[in-house]
Amino acid sequence: MRMQWDAFLAAVQERGEYPSRREADRAARVVLALLGAHLVGNERAELAAGLPETCALVLLNPLPAAEPLGPERFVRATAAWIEGATEETAQWDVGAVLSVVADTAGDDLMRRILLQLPPGYDLLFGRPGMSEPGLPPEA
(Lines give C-alpha, C1' and ligand atoms only; values in the text may rest on other atoms or scores of the structure.)
Protein backbone atom coordinates (compact mmCIF):
# COMPACT_ATOMS: atom_id res chain seq x y z
CA MET A 1 0.00 0.00 0.00
CA ARG A 2 1.24 3.44 -0.93
CA MET A 3 2.28 5.70 1.95
CA GLN A 4 0.31 8.95 2.20
CA TRP A 5 2.03 12.32 1.63
CA ASP A 6 1.06 13.69 5.06
CA ALA A 7 2.46 10.62 6.80
CA PHE A 8 5.68 10.78 4.78
CA LEU A 9 6.17 14.48 5.53
CA ALA A 10 5.35 13.96 9.21
CA ALA A 11 8.04 11.25 9.39
CA VAL A 12 10.60 13.45 7.60
CA GLN A 13 9.69 16.40 9.85
CA GLU A 14 10.12 14.28 12.97
CA ARG A 15 13.43 12.71 11.88
CA GLY A 16 14.82 15.99 10.66
CA GLU A 17 13.48 17.87 13.69
CA TYR A 18 12.17 20.54 11.34
CA PRO A 19 10.05 23.27 12.92
CA SER A 20 7.66 23.30 9.96
CA ARG A 21 6.16 20.99 7.36
CA ARG A 22 7.42 23.40 4.71
CA GLU A 23 11.06 22.66 5.59
CA ALA A 24 10.42 18.91 5.52
CA ASP A 25 8.71 19.30 2.13
CA ARG A 26 11.63 21.26 0.70
CA ALA A 27 14.17 18.68 1.90
CA ALA A 28 12.06 15.78 0.62
CA ARG A 29 11.64 17.21 -2.86
CA VAL A 30 15.33 18.06 -3.33
CA VAL A 31 16.66 14.76 -1.98
CA LEU A 32 14.14 12.68 -3.95
CA ALA A 33 14.91 14.55 -7.17
CA LEU A 34 18.61 13.89 -6.74
CA LEU A 35 17.99 10.26 -5.81
CA GLY A 36 15.72 9.77 -8.82
CA ALA A 37 18.51 10.90 -11.10
CA HIS A 38 20.63 8.00 -9.86
CA LEU A 39 18.15 5.13 -9.90
CA VAL A 40 16.88 3.26 -12.94
CA GLY A 41 14.67 0.39 -13.91
CA ASN A 42 12.49 -1.75 -11.71
CA GLU A 43 14.01 -0.50 -8.48
CA ARG A 44 13.11 3.13 -9.17
CA ALA A 45 9.59 2.13 -10.25
CA GLU A 46 9.11 -0.17 -7.26
CA LEU A 47 10.31 2.50 -4.85
CA ALA A 48 8.02 5.08 -6.45
CA ALA A 49 5.06 2.71 -6.12
CA GLY A 50 5.45 2.62 -2.33
CA LEU A 51 6.00 6.33 -1.83
CA PRO A 52 3.30 9.00 -1.84
CA GLU A 53 2.25 10.10 -5.32
CA THR A 54 3.92 13.49 -4.89
CA CYS A 55 7.21 11.77 -4.03
CA ALA A 56 6.81 9.30 -6.88
CA LEU A 57 6.39 12.10 -9.40
CA VAL A 58 9.57 13.80 -8.17
CA LEU A 59 11.47 10.51 -8.12
CA LEU A 60 10.33 9.42 -11.60
CA ASN A 61 10.84 12.73 -13.40
CA PRO A 62 14.32 13.94 -12.49
CA LEU A 63 16.87 15.55 -14.70
CA PRO A 64 19.27 12.77 -15.71
CA ALA A 65 22.54 12.76 -13.81
CA ALA A 66 25.62 13.36 -15.95
CA GLU A 67 27.55 10.98 -13.71
CA PRO A 68 26.89 9.06 -10.52
CA LEU A 69 27.52 11.11 -7.41
CA GLY A 70 29.31 9.52 -4.51
CA PRO A 71 27.72 10.10 -1.10
CA GLU A 72 29.78 13.20 -0.32
CA ARG A 73 28.95 14.81 -3.66
CA PHE A 74 25.28 13.87 -3.21
CA VAL A 75 25.28 15.82 0.07
CA ARG A 76 27.07 18.78 -1.57
CA ALA A 77 24.55 18.76 -4.43
CA THR A 78 21.72 18.78 -1.88
CA ALA A 79 23.32 21.77 -0.16
CA ALA A 80 23.58 23.56 -3.49
CA TRP A 81 19.85 23.12 -4.18
CA ILE A 82 18.58 24.21 -0.75
CA GLU A 83 18.84 27.94 -0.15
CA GLY A 84 20.96 28.71 2.89
CA ALA A 85 22.05 25.11 3.40
CA THR A 86 25.53 24.06 4.40
CA GLU A 87 27.04 20.62 3.89
CA GLU A 88 26.25 19.88 7.55
CA THR A 89 22.59 20.84 7.27
CA ALA A 90 22.32 19.04 3.92
CA GLN A 91 23.72 15.88 5.55
CA TRP A 92 20.90 16.17 8.09
CA ASP A 93 18.33 16.73 5.31
CA VAL A 94 19.57 13.74 3.33
CA GLY A 95 19.52 11.48 6.38
CA ALA A 96 16.02 12.55 7.40
CA VAL A 97 14.54 11.93 3.96
CA LEU A 98 16.46 8.81 2.95
CA SER A 99 15.89 7.05 6.28
CA VAL A 100 12.12 7.45 5.78
CA VAL A 101 12.52 6.23 2.19
CA ALA A 102 14.45 3.18 3.46
CA ASP A 103 11.76 2.38 6.02
CA THR A 104 9.13 2.58 3.30
CA ALA A 105 11.13 0.46 0.84
CA GLY A 106 12.03 -2.44 3.11
CA ASP A 107 15.27 -4.40 3.20
CA ASP A 108 14.99 -6.37 -0.05
CA LEU A 109 14.34 -3.32 -2.21
CA MET A 110 16.94 -1.30 -0.31
CA ARG A 111 19.62 -3.89 -1.05
CA ARG A 112 18.78 -3.72 -4.76
CA ILE A 113 18.77 0.09 -4.70
CA LEU A 114 22.14 0.19 -2.96
CA LEU A 115 23.60 -2.04 -5.69
CA GLN A 116 22.85 0.77 -8.18
CA LEU A 117 24.53 3.48 -6.11
CA PRO A 118 28.20 4.14 -5.39
CA PRO A 119 29.59 2.73 -2.12
CA GLY A 120 28.67 4.65 1.01
CA TYR A 121 25.00 5.32 0.32
CA ASP A 122 24.04 2.75 2.96
CA LEU A 123 25.09 5.35 5.53
CA LEU A 124 22.98 8.08 3.89
CA PHE A 125 19.94 5.78 4.11
CA GLY A 126 20.71 5.02 7.75
CA ARG A 127 21.45 1.38 6.93
CA PRO A 128 25.19 0.93 7.61
CA GLY A 129 26.59 -2.29 6.20
CA MET A 130 23.48 -3.14 4.20
CA SER A 131 25.31 -2.83 0.89
CA GLU A 132 28.08 -5.21 1.95
CA PRO A 133 27.78 -8.54 0.13
CA GLY A 134 27.22 -11.64 2.17
CA LEU A 135 25.53 -9.99 5.12
CA PRO A 136 22.42 -11.78 6.33
CA PRO A 137 19.15 -9.85 6.25
CA GLU A 138 18.38 -8.00 9.46
CA ALA A 139 15.77 -9.67 11.62
Side-chain angles (χ1 to χ4, degrees):
M1 187 168 111
R2 183 182 290 264
M3 183 180 217
Q4 296 300 308
W5 178 240
D6 285 341
F8 183 85
L9 273 188
V12 170
Q13 184 177 4
E14 181 181 323
R15 298 237 176 117
E17 299 178 10
Y18 299 111
S20 73
R21 229 7 110 86
R22 183 175 172 215
E23 290 179 65
D25 180 281
R26 175 206 64 198
R29 289 176 190 270
V30 169
V31 172
L32 288 170
L34 287 168
L35 179 63
H38 290 81
L39 297 178
V40 296
N42 291 337
E43 287 73 23
R44 184 167 71 176
E46 202 174 320
L47 180 60
L51 292 173
E53 188 174 342
T54 302
C55 296
L57 291 172
V58 172
L59 188 71
L60 293 172
N61 295 300
L63 294 175
E67 62 181 300
L69 298 177
E72 297 83 14
R73 289 184 59 207
F74 187 91
V75 170
R76 282 196 298 269
T78 300
W81 279 95
I82 297 177
E83 184 178 335
T86 65
E87 285 187 37
E88 291 77 22
T89 62
Q91 179 79 41
W92 189 263
D93 294 332
V94 168
V97 175
L98 292 185
S99 66
V100 175
V101 168
D103 288 350
T104 303
D107 287 350
D108 177 60
L109 178 56
M110 277 309 308
R111 280 186 177 76
R112 291 184 284 131
I113 286 170
L114 288 169
L115 288 173
Q116 288 190 21
L117 299 170
Y121 271 81
D122 55 337
L123 298 174
L124 294 182
F125 280 95
R127 301 296 192 271
M130 183 175 264
S131 62
E132 295 177 27
L135 285 181
E138 294 179 359

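What you see is a predicted model, and the numbers here were worked out from it, not measured in a lab. In this chain, residues are counted from 1 in sequence order.
- Summarising the geometry, atom SG belonging to C55 is positioned 9.0 Å from atom CG belonging to L47; distances are rounded to the nearest 0.5 Å.
- Looking only at side-chain heavy atoms (C-beta outward), L117 and L35 come within less than 4.5 Å of each other.
- Between I113 atom CD1 and M130 atom CE the span is 10.0 Å, to the nearest 0.5 Å.
- Contact record, L60 with R44: CD2-CG, 3.8 Å, taken as the closest heavy-atom pair.
- The shortest non-hydrogen separation linking V58 to A33 is CG1-N, 3.5 Å.
- The structure places CE of M110 at 7.5 Å from CG of L98, a figure rounded to the nearest 0.5 Å.
- A 6.0 Å sphere centred on CG of N61 holds more than 12 heavy atoms belonging to other residues, nucleotides or ligands.
- In this structure, CD on Q4 lies 11.5 Å from CG on L9, to the nearest 0.5 angstrom.
- Expressed to the nearest 0.5 Å, how far CG of L109 lies from CG of L114 amounts to 9.5 Å.
- Salt bridge annotation for R127-D103: present, with a cationic side-chain nitrogen under 4.0 angstrom from a carboxylate oxygen.
- Here the rule is side chain to side chain contact (heavy atoms under 4.5 Å, CB included) with V12, and of D25, V31, V100, V101 only V100 fits it.
- Across every non-hydrogen atom of T104 and G50, the tightest pair is CG2-O, 3.4 Å.
- Ring pair F125/Y121 is tilted by interplanar angle, where 30° to 60° counts as tilted.
- Counting only distance, with no hydrogens or angles, the side chain of W92 and the backbone of G16 share a donor-acceptor pair below 3.5 Å.
- L69 approaches H38 most closely through the heavy-atom pair N-NE2, 3.1 Å.
- In the hydrophobic cluster analysis, where Ile, Leu, Val, Met, Phe, Trp and Tyr join through side-chain heavy atoms closer than 4.5 angstrom, L34 is grouped apart from L123.
- Dense packing is recorded around CZ of R21, with more than 12 heavy atoms of other residues, nucleotides or ligands lying under 6.0 Å away.
- Applying the 6.0 Å contact sphere to CD of Q116 captures more than 12 heavy atoms from other residues, nucleotides or ligands.
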Please walk me through it: do R26 and D93 pass side-chain contact (heavy atoms from CB on, under 4.5 Å)? CA-CA 9 Å; R26 175 206 64 198; D93 294 332; 4.2 Å; yes

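- When all heavy atoms of L32 and V97 are compared, the pair lying nearest together is CG-CG1, 4.3 Å.
- With R2 contributing its side chain and L51 its backbone, the two residues share a donor-acceptor pair below 3.5 Å.
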As a quick check of understanding, evaluate side-chain contact (heavy atoms from CB on, under 4.5 Å) for L124 and Q91, giving each step before the final call. CA-CA 8 Å; L124 294 182; Q91 179 79 41; 3.5 Å; yes

Check: residues 70-87 side-chain donor-acceptor pairs under 3.5 Å, at least two apart:
residue: R73; atom: NH1; partner: E67; partner atom: OE1; Å: 3.4
residue: T78; atom: OG1; partner: F74; partner atom: O; Å: 2.9
residue: T86; atom: OG1; partner: E88; partner atom: N; Å: 3.3
residue: T86; atom: OG1; partner: E88; partner atom: OE1; Å: 3.4
residue: T86; atom: OG1; partner: T89; partner atom: N; Å: 3.1
residue: T86; atom: OG1; partner: T89; partner atom: OG1; Å: 3.4

